[in-house]
J.: 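What follows is a structure written as structure tokens; I'll ask about it next.
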Amino acid sequence: MHSEHNAKRARNCKIVATLGPASSRPDQIKALVEAGADVFRLNFSHGSHDDHRQRIHAVRALERELNRPIGLLADLQGPKLRVGVFAKGGADLPAGKLFRLDSDPAPGDANRVCLPHGEVLQALQPGTDLLLDDGKLRLRIRRTGGDWAEAEVIVGGYLSDRKGVNLPGVVIPMSPLTPKDRADLAVALDMGVDWVALSFVQRPEDLIEARGLIGGRAALLAKIEKPAAIACLEELVALADALMVARGDLGVELPLAEVPGQQKRIVRQARRAGKPVVVATQMLDSMVKAPVPTRAEVSDVATAVYDGADALMLSAESASGDYPVESVATMNAIAEQVERDPLYRGIMDAEHASPDATSADAITAAARQVAETIGAAAIVTYTMSGSTALRAARERPKSPILCLTPSLATARRLAIAWGINPVVSPDAVNFADMVMRAVGRARESGLAKLGDSLVVTAGVPFGTPGATNVLRIAKVE
């Protein structure tokens, strides 16, 4: 998968674009890649399995045409907590009123409604706050009785059928994988997705359960969207292959003013661990309907790039908006501009994680320093599993990272990671071959020209996974 098409992006931060009704035709998907999309998200909250299958076929056909690995991310819906229905379609709940939630499926009225989740009713305690309809209404539990709870309306409003329920302070004893998610996961894995994004993560066991079902067929991304997940963030970072700052639900369950600080904290912890981290939700939200973003949105995208996020995600902007290609092009332009700013380089250099006491980490940290000292055109890593390339990305080097891997699956997974240009290439057989391949691929992909220097890392004996122990400086001749 190497050719003149494998042109390097003029930025290190990657772009994840969601596919949907506005972006499902092959020509639309191609336009998104040309505008800057590196990974495509399939949102299993919407669309049929057939819709997703067609999108995946289109992406894989385009990948062959462009000779460029493209990542696919299946985003599972997770449990959706909702109230039942009302006899009149809804009811006014004024502040101060007492309102009952129970397991009775009968249509609700101004005094009660069904909450069809037994686990939630059991988890409620006096003093617990419930947020309804994306946080527009707030109820506080006063009394509970197993299959019912009585609440006082703290912030009132109109509540209509099947509106969402959030419980910010409660760990709900339920799996993040509903029967629908399990069916979606099986289909997504059969279709060959590279990443699975898990919603509704509350505790480490949730990731362990999902990983057991995935069985190594895709990498696991944990969506951080609940306060309970933030409370055990370190363990989640250790267990996941990547993280997502899912600001939509996070902004409902946390006071909005806390979300930017948590975003920075999640990005920093993921970066320290060398795990890719994606910032998502409403990044260019006004571009769903307008051809240009607001100043505030531009600043928001830029902030995530300055923080060193691996990738930024577009949701409705690319899936169902009026300007999908413009949204990707705008995000691409902002990221390029930020990364040209000398201030950006200063921030990246100030944040290097200490290498672990392993030969692989030592070599990778040295590769960045050597590349900077000699002004190398690129750092070339040979990798089987992708771990060597991710180590190189963790260093946030000035030089682009060219990752050579014999595994197409590894190349696709690495499309989401900061600064990595993945190319499928057979493993080297000896030192001369290692240098020759590195030079050839670097020139083909536009990362290096005659007379440039490259820093090459690999594992000897060649073809042994996880044994990075060699650093070589190569001249492009």
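Residue numbers start at 1 and run along the sequence shown.
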J.: Under 3.5 Å, is there a donor on one side chain and an acceptor on the other for D341 and Y306?
T.: yes

J.: With a 3.5 Å cut-off and no angle check, do the side chains of D361 and T364 form a donor-acceptor pair?
T.: no

J.: Could you list the donor-acceptor pairs under 3.5 angstrom formed between side-chain atoms of residues 211-231 and any protein atom two or more places apart in sequence or on another chain?
T.:
from : atom 1 : to   : atom 2 : distance (Å)
R211 : NH1    : D241 : OD2    : 3.2
R211 : NH2    : L239 : O      : 2.9
R211 : NH2    : D241 : OD1    : 3.3
R211 : NH2    : D241 : OD2    : 3.1
R217 : NH2    : D190 : OD1    : 2.9
K223 : NZ     : D75  : OD1    : 2.8
K223 : NZ     : D75  : OD2    : 3.2
K223 : NZ     : S199 : OG     : 2.9
E225 : OE2    : F200 : N      : 2.5
K226 : NZ     : E253 : OE2    : 2.9

J.: Side-chain contact, heavy-atom cut-off 4.5 Å: I172 with E119?
T.: yes

J.: Any side-chain donor paired with an acceptor under 3.5 Å for S48 and D50?
T.: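 No, no side-chain donor-acceptor pair sits under 3.5 Å.
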
J.: Between the side chains of S286 and T294, does any donor sit under 3.5 Å from an acceptor?
T.: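 Checked: S286/T294 side chains show no N/O donor-acceptor pair below 3.5 Å.
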
J.: Using the test salt bridge (Lys or Arg N to Asp or Glu O under 4.0 Å), find all partners of D129 that sit at least two apart in sequence or belong to another chain.
T.: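 Expected list: R138, R140.
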
J.: Check whether the side chains of N332 and E336 place a donor and an acceptor atom closer than 3.5 Å, and report yes or no.
T.: yes

J.: Compute whether any side-chain donor of one residue and acceptor of the other, for S387 and S385, lie under 3.5 angstrom apart.
T.: yes

J.: Pair E297, D285 - check side-chain contact (heavy atoms from CB on, under 4.5 Å), show working.
T.: CA-CA 8 Å; E297 286 165 342; D285 196 46; 3.8 Å; yes

J.: Can you list, pair by pair, the side-chain donor-acceptor contacts under 3.5 Å of residues 269-281, counting residues two or more places apart and other chains?
T.:
from : atom 1 : to   : atom 2 : distance (Å)
R271 : NH1    : D307 : O      : 3.1
K275 : NZ     : V237 : O      : 2.8
K275 : NZ     : A238 : O      : 3.2
K275 : NZ     : A240 : O      : 2.8
T281 : OG1    : R247 : N      : 3.2
T281 : OG1    : G248 : N      : 3.3

J.: Please list all pairs passing the salt bridge (charged side-chain N to carboxylate O under 4.0 Å, His left out) test where one or both residues lie in residues 103-116, with sequence neighbours left out.
T.: D102-R112

J.: Which residue pairs pass the salt bridge (charged side-chain N to carboxylate O under 4.0 Å, His left out) test when at least one of the two sits in residues 170-181, sequence neighbours left out?
T.: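 Applying salt bridge (charged side-chain N to carboxylate O under 4.0 Å, His left out) to every pair that reaches into residues 170-181, excluding sequence neighbours, yields K180-D184.
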
J.: Which donor-acceptor pairs under 3.5 Å do the side chains of residues 79-90 make with protein atoms, sequence neighbours left out?
T.:
from : atom 1 : to   : atom 2 : distance (Å)
R82  : NH1    : R162 : O      : 3.4

J.: Does a side-chain heavy-atom distance below 4.5 Å link T410 with M384?
T.: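 With C-beta onward as the side chain, the pair stays apart.
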
